[in-house]
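Numbered from 1 within each chain, the chains take letters A, B, ... in sequence-line order.
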Amino acid sequence: MRLPSGGRIDRTTPLTFTVDGVTHTGYRGDTLASAMLANNVLAGPSIHLGRPRGIVAAGVEEPNALVQVGPEPMLPATTVELTDGIEATTLSGRGRLATPNDGYFDKTYAHCDVLVVGGGRAGLAAAVEAGRSGARVFLADEQPELGGSLLSTPDTWEWLDTVVAELASFPETRVLTRATVFGYYDHNYLSIAQRRPGGGRLWHVRAGRVVLATGAHERPLVFAGNDRPGVMLAGAVRTYLNRYAVRPGRRAVVCTNNDSAYATALDLLESGAEVLVADVRDEESALAALVRSAGGEVRAGTTVTGTTGSPWVTSVSLGSETADCDLVAVSGGWNPVVHLHSQAGGTLRYDDATAAFVPDVARQAHVSVGSANGELDPVHPLWTIPAADGSWDTHFVDQQRDATVADVLRATGAGMRSAEHVKRYTTIGTAHDQGKTAGVNTLGVIAEALGAGTPGPTTYRPPYTPVPFALLAGRDRGALLDPARVTPIHAWHVARGAEFENVGQWRRPWYYPLPGETMTEAVLRECRAAREGVGVQDASTLGKIELVGPDAGEFLNRMYTNAFAKLPVGTARYGMMCTADGMVFDDGVVLRLAEDRYLATTTTGNAAAVLDHFEEWLQTEWPDLRVHCTSVTEQWATIAVVGPLSGRVVGALAADLPPKFMAFVDTTVHGVPARVARISFSGELAYEVNVAGWHGLAVWEAVMAAGEEFGITPYGTETMHVLRAEKGYPIVGQDTDGTVTPLDLGMDWIVSKRKSFVGKRSLRRPDTARPDRKQLVGLLPVDPDDLLPEGAQLVAPDTPLDPPVPMLGHVTSSYRSAALGRTFALALLRSGRDRLGQVVHAPLADRTIAAIVTEPVFYDPEGTRRDG
Amino acid sequence: MTDDLMRSPLAGVTFTAPFVRELPFLAMVNLRVGTFPHPLPGPNRVGTLDGRDVLWLGPDEWLVVGPPGDAPAIETLLHQALGDTHGSVVDVSANRTTLAVSGPHARDTLAKGCPLDLHPSVFGPGHCAQTLLARAQVVLRQVDADPTYHVLVRGSFAPYLAEWLADATREFW
Amino acid sequence: MTHPDRLWRNPCLKWSYDVVIVGGGGHGLATAYYLAREHGITNVAVLEKGWLAGGNMARNTTIIRSNYLMDESAAIYEHAMKLWEGLSDELDYDILFSQRGVLNLAHTLGDVREGVRRVNANRLNGVDAEWLTPDQVKEFCPIVDISPDVRYPVLGATLQPRGGIAKHDHVAWAYARAADRLGVDLVQGCEVTGFVRSGGRVVGVDTNRGPIRAGAVALASAGHSSVLASLAGLRLPIQSHPLQAMVSELLEPVHPCVVMSNHVHVYVSQAHKGELVLGAGIDPFNSYAQRGSVHVVEHQLAAALELFPVFGHAHVLRTWAGIVDTSPDASPIVGPTPVPGLYVNCGWGTGGFKATPASGWVYAHTIAHGEPHALNRPFGLDRFTTGALVDEHGAAAVAH
Amino acid sequence: MLLIRCPWCGPRNEVEFSYGGAADVVYPPDPDALSDAEWGEYVFVRDNPRGPFAERWVHTAGCRRWFRAVRNTVTHEFREES
């Protein structure tokens with residue numbers, strides 16, 4: 001019932017809410033739990049046994065009162081601030097996901113000298129002391145207001161107000177409320193979940209020092225029927241009385257093994273309740289006299305051994321006697337909240353006096369203070385209280401998991417000796433409350449069952465309390481999930497209706513369908529334009545690295561399989577790189593810009609990796625080489641103008657043209673500085689126009705305009721792939737997969753015999769040098785209209801298709817070719833070069849395609865077209 | 001000096017937060033050198049060289065920043081200073097664009113994505129760092145005590161970063 | 001749920017065994033079981049420094065699949081799958097093996113190519129595999145967002161219908177119980193601190209409980225393999241990394257299968273009691289701390305919510321990390337070593353749980369015969385000399 | 001989130017770095033002189049100790065310098081090196 005006065009609730013602001021469709025009222029300042037308790041509302045029935053359950057605790061340790069509020073499942077009612085119109089549904093330990101979370105959850109980094117975790121008495125004292133020194137102080141507390149357990153003790157509220165005001169006066173002190181420090185990671189990095197209207201914020205704090213003032217959680221007592229509604233933690237009863245002005249019962253039995261529950265007894269008496277204290281300790285507490293003088297009864301050497309009532313408790317057994325009651329306030333002692341200390345790598349020690357695990361050695365820069373450090377009343381440990389009938393199956397250790405002492409005994413009976421085994425066998429500690437009230441009791445029960453001396457040990461892992469997925473995800477959603485990199489010409493592609501593909505983080509035009517056109521039609525059209533007229537592609541995504549220094553040529557010689565030191569200035573050469581394992585790593589064209597200056601291009605996806613690779617070898621192996629690398633990937637927009645008419649187009653715009661294939665000139669195009677190279681990835685006459693990124697769009701548009709009379713056609717990555725495949729040029733990452741050497745690709749010519757390079761030694765290992773490795777070949781389907789799927793596996797024609805079927809290789813690239821008027825493919829095929837002219841089969845789910853093995857060059861094998 | 005054929009990576013982007021804007025086309029020249037005849041700023045600091053800002057990028061790497069169109073002059077200056085000394089001078093002006101984030105919300109905005117401690121006692125005017133802002137690599141420098149920060153970001157990442165900033169600043173306007 | 005009462009004895013340690021297995025995880029327990037069951041070698045001890053199956057076995061996300069790309073991998077994992085399919089019956093213990101299907105999503109054209117290649121290779125290797133279109137993905141797992149306008153749209157998926165999950169603890173206990181009943185000594189709290197040598201041969205181990213003679217010593221110690229092998233003077237091509245995972249509270253059934261996405265680093269299933277079980281990517285640095293970095297978890301959940309918007313309201317209850325033993329080609333190392341009498345079984349990386357039965361089966365064969373079975377012959381140490389790697393990287397950048 | 005001290009830029013969050021594994025593995029001066037086993041050892045075999053580990057990091061999002069650090073693989077603490 002709600003007391004007529006007192007508490008920290010705002011009685012001028014009544015709030016209406018529903019639980020399971022029934023309307024109730026509460027006040028601002030209530031939690032959903034305190035308002036439920038004021039209205040005698042039960043929690044949901046238990047998960048397996050369907051037993052009625054009530055609210056047990058007043059904080060995050062609550063094992064029973066889980067509710068669904070709107071779309072949010074699995075909130076402990078004790079942590080839900082009451083607001084007007086809340087519609088709550090009680091749950092039986094299992095929530096329901098139905099709708100996406102549209103809350104706004106963001107993140108921020110923060111730094112401080114001292115992070116104080118917990119705004120109770122100890123935390124406030126630490127924060128004030130640190131604040132007075134001028135240090136940068138962070139104080140985080142999970143409650144809506146500071147005070148911690150002080151909020152349950154009205155005689156401290158004046159001091160609380162003073163301290164909170166002083167904290168507010170420190171310019172470098174920041175107080176976060178509704179903020180739970182849930183993770184303590186390496187190097188004093190802590191995560192805080194802050195509840196905010198409509199969502200929350202994840203704080204990542206790097207702290208100089210951390211003060212853990214996280215308080216303690218009370219332990220229940222383990223007796224028969226200890227889960228009956230009306231059995232509550234004594235400290236929680238006190239919180240409901242004093243903070244929320246809710247008295248959970250009027251005839252109370254307080255059952256304890258320590259002095260802390262006497263304060264609850266006294267407060268209950270003051271509220272007008274009848275109180276019987278059953279203190280398990282034989283020696284009477286010094287506080288007993290206070291209780292008696294306030295009108296209560298105290299019995300030493302007595303404990304509750306069972307309960308009756310349905311659903312609420314109506315009486316308890318005290319050994320052979322029975323006492324009527326409607327509230328049982330229990331205290332089995334307190335567990336310091338050592339979770340963060342433990343997460344930080346700190347060790348724990350079992351303290352006999354308090355029968356609790358307390359911080360022992362800190363590993364990082366943290367200190368525990370107050371009750372979190374074990375400053376607690378001594379207790380008489382009492383892990384289990386036998387029932388009169390000897391049964392153990394209603395002695396609940398973990399209420400949310402419906403796990404009892406009987407379950408623990410079954411586990412130890414099965415041979416389990418480790419607490420971890422028992423927990424897994426019984427599922428104790430794995431529910432939403434993370435076993436906060438169950439954990440240490442379980443260890444005590446196991447120790448008793450095994451006849452071991454002391455319980456333990458245990459460790460804690462993040463998070464301290466459950467954290468919404470949405471909070472950890474933060475704003476990295478939708479377009480912000482991962483940067484979408486775009487070129488300077490991107491807006492043009494979008495306007496032109498391009499379809500895009502993701503290549504690494506880049507968005508690249510895939511093809512440019514005309515209205516009503518299929519992808520196949522579009523690609524055939526684009527290919528035809530590049531082969532017969534002129535096509536144009538945005539190649540800006542290629543990685544570009546300038547290498548400057550007198551040893552640049554020597555360095556490139558060591559990195560690439562082929563040689564670059566003697567490359568004439570003004571010319572370019574295709575190169576290939578291997579990993580130390582001898583497998584193809586990347587490829588690209590290298591230009592020699594000056595005697596001491598090269599420009600290396602990389603594949604789109606590998607740009608960063610190649611630069612890292614260069615720097616790694618330069619810095620760690622060959623620091624004596626005088627070379628410096630600078631990424632210029634985005635300095636240049638790159639426009640590939642391709643096809644027999646490309647010279648007409650580029651010639652109309654460029655002041656100068658490169659004299660021959662694999663040469664380049666620094667000139668102007670459309671009036672802006674440009675580097676124009678005769679490089680071809682298609683086998684056609686082609687020009688690669690490089691201009692500063694900010695000129696990219698204008699020059700692209702100029703190229704389009706100049707090419708209009710020739711029907712210039714923009715093409716995407718798909719057409720690029722077809723054109724290069726017709727020429728048998730491999731794509732690293734498509735025709736290779738990390739298991740392919742340059743020799744496997746049939747590119748013996750690119751592997752220098754005279755110089756050393758990274759990976760060379762690997763090429764003559766027994767397996768790598770085997771003649772029957774998979775080698776790159778061409779395939780022509782026997783039916784020229786049949787398109788081999790990329791990824792089709794290849795077998796010899798007479799192979800029975802009973803698994804496991806011996807496979808020869810797979811199709812790496814496969815297209816329809818406008819130039820060939822048929823389909824074709826590239827494949828990696830075992831002993832492929834010995835199979836030229838033979839037929840292989842590609843058995844698919846529904847049919848088998850036969851194809852003839854060919855050289856991988858299908859188009860213009862003489863290379864006559866590259867010169868126009 | 002710019003011409004009307006130039007288009008910045010964020011041309012066409014409207015910044016909803018009034019304290020974020022693009023400073024396009026700044027000249028930037030990358031210098032990598034062992035020994036240099038003129039004093040260059042030390043780690044995480046910005047210095048000057050003949051009227052240009054010089055940002056420390058690494059133990060042998062600096063970024064010389066000047067007004068739009070200044071890159072050829074900077075290159076000439078650096079080459080002359082180097083003489084026969086081996087060093088790498090590369091124009092990277094178009095590699096990045098610059099975002100200015102300024103005013104009372106600047107620090108809290110950047111803190112949402114930048115793991116550096118930007119407290120005035122740690123990072124102030126004249127400081128610079130290569131770091132991360134959200135999921136983009138940036139060069140960050142504080143220009144004045146307002147505070148105004150300059151965020152130098154690769155052109156391809158600029159639209160992402162602009163979108164991120166629009167989101168990060170939405171509580172401030 | 002009822003368990004048989006007695007799982008295992010807590011036996012006295014003998015001074016000599018035919019085989020000492022170092023590591024009482026899933027692989028060690030399975031090896032002991034198959035040594036006894038298949039080869040009649042029952043004078044076997046499994047030495048576990050902590051509690052049985054308390055390492056990676058207790059920390060994995062329990063996904064079972066055999067749809068590996070390379071022929072050698074497919075063969076050994078498919079052997080495991082067949083053993084899984086009969087395991088509850090064979091061990092007379094319900095391991096809660098649920099063949100609910102495993103989807104591997106494709107988000108790029110490269111993923112699609114790789115997925116189709118894998119489906120084709122799997123089929124010819126006798127591994128069930130299908131290629132699904134985005135609509136078929138939606139049909140199979142309705143909570144996956146297949147809209148085309150997300151950052152990395154779902155372009156398709158491979159499906160292995162026989163893949164699924166099992167209850168890791170039950171698997172361990174089932175093997176332990178069966179091995180125990182065949183006479184194997186399961187010794188917990190027994191840490192190996194060195195090897196007893198005679199001539200060049202390993203003839204026993206030193207432990208915190210004294211020396212133990214052994215006809216053969218078989219390492220089955222996952223992330224700790226390098227440290228143990230170094231005690232025998234053996235260097236392994238293994239690096240130990242944290243691999244993080246997390247679990248939500250119990251939720252009503254919402255997720256009917258297993259979904260994995262290498263591209264965005266997500267793998268998730270809903271366990272039989274209702275918790276969502278998610279795995280993250282490997283932390284890049286070497287570690288024995290069973291602790292990773294929180295940003296790895298954050299990235300992973302961001303990606304998870306893109307695929308499964310409905311998960312936004314779920315809560316992370318626990319996070320943890322295992323110590324995974326990664327090899328240069330992302331394939332295991334199972335076989336004899338250059339040190340006579342010493343065998344090694346490691347390098348399973350992220351694939352350890354799903355391989356458990358086959359790993360134990362081939363390892364037992366190897367120990368019993370002194371040479372590898374055909375299934376693990378390709379996975380010997382010598383491949384790092386010859387170059388005959390079984391490279392699963394391309395197929396499994398974040399393989400699980 | 002490890003805090004890693006870049007020798008040039010100062011302490012920075014782990015996300016700014018890439019990991020390079022074991023340090024002090026020298027590229028053989030003459031790979032061709034090595035046996036297959038020796039070469040395989042160089043390419044594939046690295047120490048993997050429990051405890052202090054000399055390793056390489058590169059400050060990818062910062063100065064791009066590779067550096068050596070000694071970190072304990074159990075506690076993750078870096079040893080201060082002069």
Side-chain angles (χ1 to χ4, degrees), chain A residues 104 106-112 136 172 201 204 206 474-476 478-488 490-491 505-507 540-541 546-552 596-597 608 626-637 670-672 691-699 701-702, chain B residues 2-9 11-12 24-25 28-34 60-61 68 71-72 86-97 108-119 121-122 134-137 153-161 163-164 166-168 170-171:
Chain A
Y104 188 88
D106 68 358
K107 301 181 187 179
T108 191
Y109 292 98
H111 305 260
C112 62
R136 294 166 67 189
E172 294 290 352
R201 173 166 292 170
H204 286 310
R206 186 76 74 178
R475 301 303 303 154
D476 291 353
L480 299 180
L481 175 68
D482 196 36
R485 300 177 67 183
V486 295
T487 75
H490 184 73
Q505 289 177 313
W506 288 98
R507 301 275 290 155
S540 304
T541 60
E546 275 206 29
L547 299 101
V548 181
D551 297 324
D596 66 346
R597 185 175 289 244
R626 293 162 299 164
V627 192
H628 286 301
C629 304
T630 303
S631 169
V632 290
T633 296
E634 303 186 41
Q635 173 67 21
W636 301 98
H670 193 50
V672 306
V691 295
W694 54 49
H695 284 134
L697 182 60
V699 173
E701 286 172 339
Chain B
T2 61
D3 61 63
D4 52 10
L5 296 179
M6 293 166 75
R7 182 185 162 94
S8 79
F25 308 132
M28 299 181 200
V29 177
N30 202 81
L31 171 66
R32 296 196 64 172
V33 67
D60 65 356
E61 187 166 12
H86 158 56
S88 160
V89 174
V90 180
D91 179 6
V92 291
S93 306
N95 222 28
R96 299 184 180 93
T97 190
D108 285 344
T109 297
L110 296 176
K112 292 183 182 186
C114 177
L116 292 189
D117 187 355
L118 300 178
H119 190 273
S121 66
V122 179
R135 296 195 176 195
Q137 287 185 25
V153 61
R154 296 287 185 96
S156 68
F157 284 95
Y160 159 79
L161 202 57
E163 190 161 350
W164 183 86
D167 185 67
R170 75 179 219 185
E171 70 170 299

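For chain B, the nearby part of A:Gln505 is the side chain; its heavy atoms alone come within less than 4.5 Å. For a residue to count as touching a neighbouring chain, one of its non-hydrogen atoms must lie under 4.5 Å from one of that chain's; by this rule A:Trp636 does not touch chain B. For A:Leu480, the parts sitting under 4.5 Å from any heavy atom of chain B are the backbone and the side chain alike. Looking at A:Val627, the atoms closer than 4.5 Å to chain B (heavy atoms on both sides) all sit in the backbone: N, CA, C or O. The parts of A:Ala479 that come within reach of chain B are both its backbone and its side chain, each placing non-hydrogen atoms under 4.5 angstrom from that chain. With a threshold of 4.5 angstrom between heavy atoms, A:His204 does not approach chain B through any atom at all. Only the side chain of A:Ala491 comes within contact range of chain B, judged by heavy atoms closer than 4.5 Å. Residue B:Leu110: no heavy atom, backbone or side chain, is found under 4.5 Å from chain A.
The residue among B:Ser88, B:Gly12, B:Gly155, B:Ala168 with the most heavy atom pairs within less than 4.5 Å of chain A is B:Ser88. Ranked by heavy-atom pairs shorter than 4.5 Å toward chain B, the options A:Leu547, A:Asp106, A:Asp476, A:Val699 are led by A:Asp476. By number of non-hydrogen pairs under 4.5 angstrom with chain A, the leading residue of B:Ala136, B:Pro159, B:Cys114 is B:Cys114. Per-residue counts of heavy-atom pairs under 4.5 Å with chain B were compared for A:Arg136, A:Arg626, A:Glu546, A:Arg475; the largest is that of A:Arg136. No other option in A:Gly671, A:Pro550, A:Ala484 has as many heavy-atom pairs under 4.5 Å with chain B as A:Pro550. Between chain A and the options B:Leu116, B:Thr97, B:Asp108, the largest number of non-hydrogen pairs under 4.5 Å is found for B:Leu116. When each of B:Gly87, B:Ser93, B:Pro9 is scored by its heavy-atom pairs under 4.5 Å with chain A, the top score falls to B:Ser93. Comparing B:Val89, B:Asn30, B:Asp167 by how many heavy-atom pairs each has under 4.5 Å with chain A, the most go to B:Asp167.
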Given the rule in the side-chain contact (heavy atoms from CB on, under 4.5 Å) test, do A:Arg597 and B:Val90 qualify, once you have shown the distances and angles that lead to the verdict? CA-CA 10 Å; A:Arg597 185 175 289 244; B:Val90 180; 3.9 Å; yes

Go through the steps for A:Arg201 and B:Glu171 under the test salt bridge (charged side-chain N to carboxylate O under 4.0 Å, His left out), then give the verdict. CA-CA 12 Å; A:Arg201 173 166 292 170; B:Glu171 70 170 299; 2.6 Å; yes

Given the rule in the side-chain contact (heavy atoms from CB on, under 4.5 Å) test, do A:His695 and B:Asp3 qualify, once you have shown the distances and angles that lead to the verdict? CA-CA 9 Å; A:His695 284 134; B:Asp3 61 63; 3.0 Å; yes

Stepwise side-chain contact (heavy atoms from CB on, under 4.5 Å) check, A:Arg206 with B:Asp117: CA-CA 9 Å; A:Arg206 186 76 74 178; B:Asp117 187 355; over 6 Å; no

Quick one, A:Asp596 with B:His86, criterion side-chain contact (heavy atoms from CB on, under 4.5 Å). Give me CA distance, side-chain angles, the key distance, then yes/no. CA-CA 10 Å; A:Asp596 66 346; B:His86 158 56; 5.7 Å; no

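For the pair B:Trp164/A:Pro483, no side-chain contact is recorded, criterion being any heavy-atom separation below 4.5 Å from C-beta on. Residues B:Arg154 and A:Ser631 are in side-chain contact: their nearest non-hydrogen atoms beyond the backbone lie under 4.5 Å apart. Taking 4.5 Å as the limit, some side-chain heavy atom of A:Gln635 sits within range of a side-chain heavy atom of B:Asp91. A:Lys107 places none of its side-chain heavy atoms less than 4.5 Å from the side chain of B:Lys112. Contact check for A:Val672 versus B:Met6: no side-chain heavy atoms found under the 4.5 Å cut-off. Looking at B:Val122 and A:His111, their side chains never come closer than 4.5 Å, going by heavy atoms from C-beta outward.
When all heavy atoms of A:Glu634 and B:Ser156 are compared, the pair lying nearest together is OE1-N, 2.5 Å. The two residues B:Arg32 and A:Cys629 make their nearest non-hydrogen contact at NH1-O, 2.7 Å. Residues B:Ala111 and A:Thr108 approach most closely at O-OG1, 3.3 Å, considering heavy atoms. Of all heavy-atom pairs between B:Ala94 and A:Ala692, the closest is CB-CB, 4.1 Å.
In terms of modelled atom types and a separation under 3.5 Å, the side chain of B:Arg135 and the main chain of A:Leu481 share a donor-acceptor contact.
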